[in-house]
Amino acid sequence: MRVRIDLAYDGTDFKGWATQPLLRTVQGELTAALHTVLRLPDDTLRVTCAGRTDSGVHARGQVAHCDLPPEVPAEVVGRLARRLNGVLPGDLRIHRLAPASEGFDARFAALWRRYAYRIADTAEAVDPLDRAYVVAWPRPLDVDAMNAAAARLVGLHDFAAFCKQREGATTIRTLQELSWTRATSGVLVGHVRADAFCHSMVRALVGCLVAVGEGRKDAEWAADILAGRRRDPGVVVMHAHGLTLEEVGYPDDASLAERVEQTSARRRAEEVDG
């Protein structure tokens, strides 16, 4: 039985999502908890997520799936979320766990991932209680200038200039939304949504727009960086703790298998081209 897991975590003390030897990771903690609760031998289960978050990045709306072996009774699934939360650490919570719809794949069925990046750029907006989730910035930022620059980056592009490149991996992505608003608290919130993201892409995009917001660069500079298709030393990769994975979007159940096949075929083609 495949189960869908909706979860959230405070990334402060995690070295990212993916399991790494001798390091505390979200995947490692969740997998260990599943083995403990289900009383299964180590390495029986594998948990796959919608988007691997980097070290220090948070998630409010992460989605994962796991294939349970046949010996796990179906009636156990209804109690599994409560039992897992009983053994998981406080910085990792299961919001929902249920049998997945036919054809569901947390990674390949996803249509988009939505992140938020939070910056407190005035003294009044800095809240010490939020210091683990909001970046305190020493200079005020011009929201209109940042939005003008952001508009030039939306769409289907090669984002090589904003990614840590991996051999054989494409850097072409469809950036569906990139915009900034100011919350009632005064915190500046960046809204970022795409079909998928490259490594460090969101934080590099934010770093580029912060330079514009400070007045050090103009809006066209962001477009020039994008067109250059190579990392520019002027683009700073922003702090991880300001970034939160907010939500993952999926098609309706009838379209899940088709979406998985489309995404898988694209990934196979990328590997061949690479």
Are more than 12 heavy atoms, taken from residues, nucleotides or ligands other than Arg96, located less than 6.0 Å from that residue's CZ atom?
no
Does atom CZ (Arg46) have a neighbourhood of more than 12 heavy atoms from anything else shown, all under 6.0 Å?
no
Is the shortest distance from a Lys or Arg side-chain nitrogen in Glu246 or Arg118 to a carboxylate oxygen in the other one below 4.0 Å?
yes
Check the hydrophobic clustering (I, L, V, M, F, W, Y; side-chain heavy atoms under 4.5 Å; chains of links allowed) and say if Val143 and Val126 are grouped together.
no
Has the side chain of Arg4 got a donor or acceptor atom that lies under 3.5 Å from a matching backbone atom of Ala100?
no
Donor-acceptor contact present, side-chain Thr36 to main-chain Ala32, <3.5 Å
yes
Does the side-chain contact (heavy atoms from CB on, under 4.5 Å) test come out yes or no for Leu34 and Cys66, once each step is laid out?
CA-CA 10 Å; Leu34 281 163; Cys66 180; 4.2 Å; yes
Backbone of Pro128 reached by a side-chain donor or acceptor of Arg131 within 3.5 Å:
yes
Regarding Asp6 and Arg93, does a basic nitrogen lie under 4.0 Å from an acidic carboxylate oxygen?
no
Any donor-acceptor N/O pair, Thr31 side chain to Gly28 backbone, under 3.5 Å:
no
Residues forming a side chain to side chain donor-acceptor pair (under 3.5 Å) with Thr48, sequence neighbours excluded
none
Using ring-ring contact (aromatic ring centres under 6.0 Å, His included) as the criterion, list what pairs up with Tyr117, not counting sequence neighbours.
none
Taking side chain to side chain donor-acceptor pair (under 3.5 Å) as the definition, give me every residue that meets it alongside Asp121, ordered by chain and number, with sequence neighbours left out.
Arg182
Residues Gln20, Leu22; criterion side-chain contact (heavy atoms from CB on, under 4.5 Å); working and verdict:
CA-CA 6 Å; Gln20 301 179 63; Leu22 305 179; over 6 Å; no
Asp130 side chain to Tyr133 backbone, donor-acceptor under 3.5 Å:
no
Among Leu243, Ile119, Val237, exactly one meets side-chain contact (heavy atoms from CB on, under 4.5 Å) together with Val206. Which residue is that?
Ile119
Please list all pairs passing the ring pair (Phe, Tyr, Trp, His ring centres under 6.0 Å) test where one or both residues lie in residues 32-53, with sequence neighbours left out.
none
Residue pair Phe197, Tyr115: steps toward the ring-ring contact (aromatic ring centres under 6.0 Å, His included) verdict:
CA-CA 10 Å; Phe197 292 95; Tyr115 284 84; 5.3 Å; yes
When rounded to the nearest 0.5 angstrom, what is the spacing between CG in Leu30 and OG1 in Thr19?
9.0 Å
Rounded to the nearest 0.5 Å, the CG atom of Leu84 sits from the CD1 atom of Ile94 at a distance of 5.5 Å
Answer yes or no: does atom CD of Glu102 have more than 12 heavy-atom neighbours from other residues, nucleotides or ligands under 6.0 Å?
no
Run the numbers on Val37 and Val76 for side-chain contact (heavy atoms from CB on, under 4.5 Å), then give the verdict.
CA-CA 10 Å; Val37 168; Val76 169; 6.0 Å; no
Distance check, rounded to the nearest 0.5 Å: His65 atom NE2 versus Ser101 atom OG?
13.0 Å
Would a distance-only check, ignoring hydrogens and angles, find a side-chain to backbone donor-acceptor pair under 3.5 Å from Thr122 to Ala125?
yes
Ring centroid separation Tyr9 to His58 under 6.0 Å
no
Rounding to 0.5 Å, atoms CG (Leu111) and CD (Gln262) come to a distance of 9.0 Å
Can you tell me how far OG1 of Thr170 sits from CG of Asp158, rounded to the nearest 0.5 angstrom?
6.5 Å
Kindly write out the residues that satisfy side chain to side chain donor-acceptor pair (under 3.5 Å) with Asp127, not counting sequence neighbours, or none if the list is empty.
none
Give the minimum heavy-atom separation between Val87 and Ala33, together with the two atoms involved.
CG2-CB, 3.9 Å
According to salt bridge (Lys or Arg N to Asp or Glu O under 4.0 Å), who are the partners of Arg216, at least two apart in sequence or on a separate chain?
Glu214
Report the C-alpha distance between Ile5 and His95 in whole Å, list the side-chain angles of each, state the deciding distance to 0.1 Å, and finish with yes or no for side-chain contact (heavy atoms from CB on, under 4.5 Å).
CA-CA 8 Å; Ile5 307 169; His95 286 164; over 6 Å; no
Rounded distance (nearest 0.5 Å) linking atom CZ of Arg113 with atom CZ of Arg52
12.0 Å
Out of Leu245, Val47, Val57, which residue meets the side-chain contact (heavy atoms from CB on, under 4.5 Å) rule with Trp17?
Val47
Under 3.5 Å, is there a donor-acceptor pair between the side chain of Asp195 and the main chain of Trp112?
no
When you measure from the side chain of Arg2 to the backbone of Phe104, do you find a donor-acceptor pair of N or O atoms at a distance under 3.5 Å?
yes
What are the two closest heavy atoms between Cys198 and Thr171, and how far apart are they?
SG-CA, 3.7 Å
Which word best sums up how the rings of His241 and His239 line up, parallel for under 30°, tilted for 30 to 60°, or perpendicular for over 60°?
tilted
Test your reading of the model: is there a side-chain donor-acceptor pair from Ser255 to the backbone of Pro251, 3.5 Å cut-off?
no
Is it the case that over 12 heavy atoms from other parts of the model lie below 6.0 angstrom from the CG atom of Asp252?
yes
Indicate yes or no for a side-chain donor-acceptor contact from Arg231 to the backbone of Cys163 under 3.5 Å, with no hydrogens or angles considered.
yes
